[in-house]
Amino acid sequence: MPQTDASRRWAAAAIATLMLATPLAHAAPDGSGISDGVVRIAVLGDYGSGRDLGGPGSVTAAKLAAEDFHNKVLGKPIEIISADHQNKPDVAVGIARQWFDVEHVDAVTDLAVSSVGLAVAGLATQSNRTALVSGAATSDLTGDKCSPFVTHWADDTYALSAGLVGELGRRVGKEWFFVAVDYSFGSAMVKDASRAVTDAGGKVLGAVRYPFNTTDFSSFLLAAQSSGAKVVALAGTGADTVNAVKQTHEFGLQQGGQTIVGMLTFISDVHSIGLRDAQGMYIASQYYWDDDDGTRAFAKRFIEIEKREPTKLQAATYAAVRHYLKAIEAGGSDEAKAVNAEMRKLPVDFFGRPAHIRKDGRVVYDLSLYRVKKPDESKYPWDYYQKIAAIPGDKAFRPEGTGGCKLDK
């Protein structure tokens, strides 16, 4: 999830302060391996503009993971709690500090919005707690801000640029134009994707930046149209993406032979846009509910509660919490250092598909490239994506040892 430049600076300052402290001990007083007799997992999400992406659905996903263990691990109960961080890193850190220091929370997950993810991950490291980041997209979490207490489950800005560009360059075209939100998230996506386009022998024909929460994209889309680029990439999220995609049809970009790419697009965005306007758009994701038996099994349980299909953020929350509980069970402890080491040792079951966790905390799985279906291709509710290609994890994510993480050494 994106962040403003001001919140990014706040998060960096908070991390610098927090990392000066020595991690606190968090051991079970009764020798059971479970601190205070309860495994307490907190879901800290966005209940505002990103409500459909994570929000209450992330809480449901975490609870479903706990149900897989019959709500107990090592004979001790699992408790799921939640709160809204309001897209503010200072609010998020205040809530997380109360959770860690007073309410004995063992792990925190979701953490949508990159500035929130970075700040709370820093606090978790200082407090000897576990951060399971399923929402924030910044690759800094496994770069120079990496931690042995943090694992990154969301598909990140590197994968959504480099991995996506490589596959689309071969299939759609090598001339790109970017329409990006005007703060650090959009700038990072354009920078990484532009490098990938050039490395693949392509050419960037231009980029324009729009203010957050823009409703009129006319000037930005006309610039993209006049560039003649084969690919018009939208580097934004939520309502910005929904509005931009709808207006691409008004200006006839697709009819003129241009392909639209949503660089960080969720199935809930496509649902809001509608297939009439979203058809033909390309999207990369680590999860789509109708991919296979594993993804459908989780989606069936989720939709019974939420009455809608899960997003990739909600699915990542489920996978993260499930693996965390599996590591507690295997290692016999919820102490953060021990359980995170165990998480890195164990193979990851990512909806029936193999994945693994590197030393830097990056969860490596295959991404998929999808094309949004035409209305007459959709046969049932939420039947939105056609899978075009698999992007192997070792091709999608930044190579280990190249992101500045000292844990790689």
Side-chain angles (χ1 to χ4, degrees), residues 1-3 49-50 52-53 114 137 155-165 167-169 171-173 175-194 196-197 202 204-285 311-312 367 369-372 384-385:
M1 297 289 288
Q3 60 200 344
S49 61
D52 290 343
L53 311 184
S114 293
D155 42 13
D156 62 29
T157 50
Y158 183 96
L160 293 171
S161 54
L164 185 65
V165 165
E167 193 63 40
L168 278 175
R171 294 174 177 273
V172 178
E175 294 178 330
W176 286 62
F177 189 97
F178 296 96
V179 180
V181 65
D182 191 16
Y183 50 79
S184 54
F185 164 78
S187 297
M189 291 293 282
V190 171
K191 179 180 177 182
D192 288 343
S194 296
V197 169
V204 176
L205 299 187
V208 291
R209 290 170 171 79
Y210 62 85
F212 181 56
N213 280 339
T214 290
T215 57
D216 181 5
F217 283 83
S218 56
S219 62
F220 310 110
L221 295 178
L222 287 171
Q225 186 177 49
S226 64
S227 75
K230 285 290 186 181
V231 180
V232 176
L234 305 177
T237 59
D240 285 346
T241 297
V242 171
N243 288 328
V245 173
K246 286 182 176 180
Q247 291 175 45
T248 61
H249 281 273
E250 294 176 18
F251 291 99
L253 272 68
Q254 292 89 337
Q255 296 91 318
Q258 293 179 301
T259 296
I260 307 301
V261 175
M263 299 191 75
L264 183 56
T265 303
F266 294 78
I267 194 169
S268 52
D269 298 328
V270 174
H271 186 73
S272 296
I273 296 165
L275 292 185
R276 188 196 68 176
D277 290 335
Q279 61 180 301
M281 182 168 67
Y282 284 87
I283 293 165
S285 179
T311 67
K312 61 181 180 178
L367 293 181
L369 177 66
Y370 301 99
R371 181 186 60 80
V372 177
Y384 294 160
Y385 293 176

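Since this is a predicted model, take the numbers as computed values, not measurements. Heads up: numbering here begins at 1 and tracks the sequence. Side chains are part of it too, since the values below use all heavy atoms of this structure and drop only hydrogens, waters and symmetry mates.
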Please round to the nearest 0.5 Å and tell me the distance separating atom [atom1] of [X] and atom [atom2] of [Y].
| X | Y | atom1 | atom2 | answer |
| --- | --- | --- | --- | --- |
| S114 | D156 | OG | CG | 9.5 Å |
| Y282 | L168 | OH | CG | 7.0 Å |
| Y210 | D216 | OH | CG | 13.0 Å |
| D155 | S285 | CG | OG | 5.5 Å |
| F251 | L222 | CZ | CG | 5.0 Å |

I'd like to know if the side chain of [X] and the backbone of [Y] have a donor-acceptor N/O pair within less than 3.5 Å.
| X | Y | result |
| --- | --- | --- |
| T214 | P211 | yes |
| D240 | N213 | yes |
| Q254 | M281 | no |
| E167 | L369 | no |

#### Entry: Minimum side-chain heavy-atom gap F266-D52 below 4.5 Å
no
### Message
Within the structure provided, determine whether T248 and F217 are in side-chain contact (heavy-atom separation under 4.5 Å).
### Response
no
### Atom of A162, atom of A196 and distance for their closest heavy-atom approach
CA-CB, 3.8 Å
### Message
So which atom in E175 and which in A229 form the shortest heavy-atom distance, rounded to 0.1 Å?
### Response
O-CB, 3.6 Å
### Task
Go through the steps for R209 and S187 under the test side-chain contact (heavy atoms from CB on, under 4.5 Å), then give the verdict.
CA-CA 9 Å; R209 290 170 171 79; S187 297; 3.8 Å; yes
## Note on the structure
Per side-chain contact (heavy atoms from CB on, under 4.5 Å), M189 is matched among L160, L234, V181, L164 by L160
